[in-house]
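Residues: numbered from 1 along the sequence shown.
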Amino acid sequence: MEILGYIAALLIGLSLGLIGGGGSILTVPALVYLLGLNPVISTAYSLFIVGLTSLVGSYRFYKQGLVSMKTALVFGLPSIVAVYATRRYIVPAIPDSIFTVGGFEVTKVILLMLLFAGLMVFASISMIRQNRKVNGDVTVDENVDHDILEENGKTEAHPEPKFNYAGILAEGAIVGTLTGLVGAGGGFLIIPALVLFSKLDMKMAVGTSLLIIAAKSLFGFMGDVANYEIDWAFLSVFSSLSIVGIFIGSYFSAKIHANKLKTSFGWFVLVMGVYIIAKELFF
């Protein structure tokens, strides 16, 4: 099982490199079910692993001019504050035993795993829907290569973002809180928000999302350092394997049709989410 856990580390990076997301969905189940870690510490480790891996992945997009730094700042600030506060204060304050229903005790561990499984199911639906996002009356496909036309120093494919500040600040805070609770990056929530509230095209949204995920995940992990004893040796090995995976995924991303891959991955995530719900509730 330990070997499978480290293989999963490669797959986490591979997913981020190939389809720009999904890695965090694999991290917590791998740490809990394959490596036998406590779910609470697993959500903390997941923040570090996903944050570091996403940071490396965002660099490839940054070199191509596919990261909007202004958008990352506007969305990222409330998200960082929310995830840090959640990890530093809210998660430690959740009691180990929450309530009992008909002899079934809902513990902190079960609650976090059920929240995570619910997130997996929600994310899987997003991926199964072929990763097509609607912006007004225009449907955007992230796998379409747009022609880049220079006009006044800007590109037609990647115009300057136009912000709905209220929407993007609120979404940033919500995603940050959710990330803090379950240890997942939430790229499937961030990307639609960037398309809707910042008017970014899909490729720019994916690159900017990776940078936001990196920043909020790593800052959230800082909130855990004061609460838990961190196994830095383990984190270094697991994260290194994940980073190797993202380089492999990035290499093959130009050779593989990401839409079909994302749909297949979505079904896998859906099965995993249902399995976790069934295991925590009935087994």
Enter the distance from [X]:[atom1] to [Y]:[atom2] here, rounded to the nearest 0.5 Å.
X: Ile94; Y: Leu181; atom1: CD1; atom2: CG; value: 6.0 Å
X: Leu26; Y: Ile49; atom1: CG; atom2: CD1; value: 11.5 Å
X: Asp224; Y: Tyr84; atom1: CG; atom2: OH; value: 9.5 Å
X: Leu119; Y: Ile276; atom1: CG; atom2: CD1; value: 10.5 Å
X: Phe48; Y: Met222; atom1: CZ; atom2: CE; value: 12.0 Å
X: Phe122; Y: Leu178; atom1: CZ; atom2: CG; value: 9.5 Å

Please check if [X] and [Y] belong to a single hydrophobic cluster, counting links between Ile, Leu, Val, Met, Phe, Trp and Tyr side chain heavy atoms closer than 4.5 Å.
X: Val106; Y: Val40; result: yes
X: Trp267; Y: Leu14; result: yes
X: Leu235; Y: Leu10; result: yes
X: Leu11; Y: Phe116; result: yes
X: Leu218; Y: Tyr228; result: yes

Can you tell me if [atom1] on [X] sees more than 12 non-hydrogen neighbours from other groups inside 6.0 Å?
X: Phe219; atom1: CZ; result: no
X: Phe234; atom1: CZ; result: yes
X: Tyr6; atom1: OH; result: yes
X: Phe247; atom1: CZ; result: no

Expected output: side-chain [X] to main-chain [Y] donor-acceptor under 3.5 Å:
X: Ser217; Y: Ile213; value: yes
X: Ser58; Y: Leu55; value: yes
X: Ser124; Y: Val121; value: yes
X: Lys108; Y: Val91; value: yes

At their closest point, which heavy atom of [X] faces which heavy atom of [Y], and how far apart are they?
X: Met69; Y: Tyr62; value: SD-CE1, 4.3 Å
X: Glu105; Y: Ile110; value: O-CD1, 3.6 Å
X: Thr86; Y: Gly180; value: CG2-C, 3.6 Å
X: Leu111; Y: Ile98; value: CD2-CD1, 3.3 Å
X: Ala117; Y: Ile277; value: CB-CG1, 3.4 Å
X: Ser239; Y: Leu52; value: CB-CD2, 3.9 Å

Checking Phe75 against Leu169 for the side-chain contact (heavy atoms from CB on, under 4.5 Å) test, could you report, in this order, the C-alpha distance in whole Å, the side-chain angles of both residues, the deciding distance, and whether it holds? CA-CA 6 Å; Phe75 191 102; Leu169 288 171; over 6 Å; no

Modelled atom types, side-chain donor and acceptor of Thr179 and Arg87, under 3.5 Å: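 No donor-acceptor contact under 3.5 Å links the two side chains.
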
Will you find, in the side chains of Ser68 and Thr208, an N or O donor that is under 3.5 Å from an N or O acceptor?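 No donor-acceptor contact under 3.5 Å links the two side chains.
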
Stepwise, does the side-chain contact (heavy atoms from CB on, under 4.5 Å) test hold for Lys216 with Val175? CA-CA 10 Å; Lys216 68 187 180 66; Val175 172; 3.8 Å; yes

Could you check, using the six-membered ring where one of them is a Trp, whether Phe221 and Trp232 have ring centers closer than 6.0 angstrom?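 Between Trp232 and Phe221, which both carry aromatic rings, the centre distance is below 6.0 Å.
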
Report yes if the side chains of [X] and [Y] come closer than 4.5 Å at any heavy-atom pair, otherwise no.
X: Ile230; Y: Tyr45; value: yes
X: Leu270; Y: Met120; value: no
X: Met113; Y: Tyr33; value: yes

